[in-house]
Amino acid sequence: MRRTHNCNRLGTADVGKEVVLMGWVQRRRDHGGVIFVDLRDREGLTQVVFNPEIEPQVHEKAHDLRNEYVLGVRGTVQPRPEGMINPNLPTGTIEVMVNELRIFNAAETPPFLIEDRIDVSENVRLKYRHVDLRRSRLQKNLITRHRAAQNVRSYLNKSGFLELETPMLTKATPEGARDYLVPSRVNPGKFYALPQSPQLFKQLFMIAGFEKYYQIVRCFRDEDLRADRQPEFTQIDVEMSFVGEEEIMEMTEGMMAQLFDEICGIELPRPFPRLTYAESVARYGLDKPDIRFDLELTDLSDIMKDVGFKVFAGAVKSGGVVKAINAKGCIDFSRKELDDLTEFVSIYKAKGMAWIKVREDAWQSPIAKFFSDPEKAAITERLNIEPGDLILFGADSEKVVNESLGHLRNHLGKRLGLIDENAFAFTWVTEFPLAEYDPAEKRYDPLHHPFTAPMDEDMEMLETDTGAVRAKAYDLVLNGFELGGGSIRVHRTDIQRKIFEAIGLKPEESEEKFGFLLSALDSGAPPHGGIALGFDRLIMLLCRESSIRDVIAFPKTQKAACLMTDAPSDADKKQLDELSIRVRMMD
RNA sequence: GGGGGCGUAGCUCAGUUUGGUUAGAGCGCCGGCCUGUCACGCCGGAGGUCGCGAGUUCGAGUCUCGUCGUCCCCGCCA
């Protein structure tokens, strides 16, 4: 028996043909006489029919069929009788009258039905992932993932990039995320680290003269999980020589444009909008703005610095800010809803949330009494206030106000239905700070990574005002998700040493950790830079899913476990002995 | 490390507020009937460690404490 067609293939043009289909029993409808089976394969469903008047023995055998049995059937394509066409099925105009049935395998009753509309809890889905993966939603997602990967490869290939591999067993890095360690049997007591990204290797490819590199590559970070974060994830990793930021952004836009055009038939407007980091944080509160809707943050610090309301004036005087969101037409929010919003911003360390309901005649607000008429006029003008509006305030340090109002903005955008769920709104965020002061460690920490080049005009501040130096770094943001980021790298040893110094690495430390890089830079390094895009997140958004677990075949739970294989698990004593490892549980 | 939600039949959930008879429903499953269904239909049936462990009580799915798992978030992570 040899398969002739897939289960989405047959139509009225095939009537009369003898065909062989193979697949799984999606559903059996036994009418006592005639038995219908929907046969499912990767491509779709076809109704096959067992008729006792045509093949009694085959019909008899079909009584035993159950869901998820694996079959091969031989039969004749025939048109459905008058009025029996199923418009919901691509193959709904025909059916296959079976004259030979092979049961390749019986199946246990599955833990849940293989249908998209069946709602199943995540732990059941992950435990029986092989069953979950039979459902069409996940099949479609993984097929989209495959097509996207091929599309990206084709774009980069035709643009002259080389797909080059980098090691999975590599060296631990001092900064950044926690590493996954792998013990070395041959070198007792020593460890490899799994790569957090191929960052240094791709730079070394540039130094070696390959000029354009890419890889769709697995990366590992031992940090806590989120809906959009897994401990192992896939990156589209790119690096180019003899280019600046413009070329990398253009290349990336071209890649996204081709991808969305060929995978979804969507023409992305280009060039993508750009915001500087400062502008993004000022207007949206976050460095990954969702620009599908307005509801922007407005700075009122100058107006508030002398008002009678101590919380506002005090925030400004102690170096903080007062900002507000005008939720147009939301005057009807109840006390409970306002309390909920206050609780929401408290997640982001906001100590409270003042509000004003703008009535026709007056402001209804616990804080209205603190404002003079000129102050009210200034606020009204700045926020473009009209009757019916609800004004929500944040007053605190810049960081707290921006983060809390930024997340509040996203929250309200969803709640008020301001977001076009069909839109794909890309934006670049540029001119990131090179480093951020870490008060706990009393040093500057690179925002991106320590190989990022400072902007030329800020170079002099490297030693004097490190926190103010902007970097040649850029993030690509899609619908409020950070899709990825990159930078132009440092390609001169003297500057690289200065940066290591600025972030608190002692010369001997930089030599120990990154000596190979410094030496490589000295060997004739071209100017270079690149970008890395989170492939899982990209596919998640492309598939309009809300968790990357739905676009990863075998994902981990929030505690980084695989419920199907039960990894991680204990190691045999013998294995540990070979690795010279003794496990001691800390309390 | 922290905050919150969930955990009852194979699956999804009700019951927990206010402790009290034999823990229910839908879907699925099993059996019977049924020759045109496609979420087939009708009749019948089986199926429970109420996550786990202590405690309070005459009595715990329900109250208390602990613990485990899972999801969302903060921290962490680019």
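In what follows, chains are A, B, ... by sequence order, proteins preceding strands, each numbered from 1. Computed from a predicted model, the values in this text were never measured in an experiment.
Cation-pi check for R274(A) over Y474(A) is not met; the charged atom does not lie both under 6.0 angstrom from the ring centroid and within 45 degrees of its normal.
Taking every side-chain heavy atom of M84(A) into account, G36(B) is the closest of G36(B), C71(B), C29(B). Among the nucleotides G36(B), G75(B), U12(B), the one closest to any side-chain atom of D119(A) is U12(B). Of the listed nucleotides (A78(B), U12(B), G75(B)), U12(B) has the atom at the smallest distance from the side chain of V124(A). Listed nucleotides G36(B), A39(B), C72(B) differ in distance to P81(A); the shortest reach to its side chain belongs to G36(B). Side-chain proximity of E223(A) to C77(B), G36(B), G75(B): nearest is C77(B).
Residue-to-nucleotide proximity on RNA chain B shows that, of L563(A) and P52(A), the 5′-proximal contact is made by P52(A). Nearest-nucleotide mapping onto RNA chain B: of G83(A) and D224(A), the residue sitting toward the 5' end is G83(A).
C73(B) and A14(B) have their C1' atoms separated by 28 Å, given to the nearest Å. The same atom, P, is picked in A46(B) and in G19(B); the two are 33 Å apart, to the nearest Å. A distance of about 12 Å separates the P atoms of C63(B) and C6(B), rounded to the whole Å.
The distance from atom CG of D30(A) to atom P of U35(B) is 10 Å, rounded to the nearest whole Å. In this structure, I118(A) atom CD1 and C13(B) atom C1' are separated by 13 Å, rounded to whole Å.
Between S121(A) and U12(B), a side-chain N or O to OP1/OP2 separation shorter than 4.0 Å is present. In this structure, R29(A) does not reach the U37(B) phosphate: none of its side-chain N or O atoms is under 4.0 Å from OP1 or OP2.
When heavy atoms are screened at a 4.0 angstrom cut-off, R226(A) is found touching base atoms of the nucleic acid. Within 4.0 Å of P111(A), counting heavy atoms only, lie sugar-phosphate atoms of the nucleic acid but no base atom.
Across all strands shown, G61(B) has no partner, as no Watson-Crick or G-U wobble contact with both distances under 3.5 Å is found.
Not a single donor-acceptor pair, N or O on each side, falls under 3.5 Å between the base of A78(B) and the side chain of R229(A). With hydrogens and angles left out, the side chain of R66(A) and the base of G28(B) share no donor-acceptor pair within 3.5 Å.
No more than 12 heavy-atom neighbours from other residues, nucleotides or ligands sit within 6.0 angstrom of NZ on K127(A).
Centre separation under 5.5 Å together with a plane angle under 30° holds for the ring of F36(A) and the six-membered base ring of U37(B), marking them as stacked.
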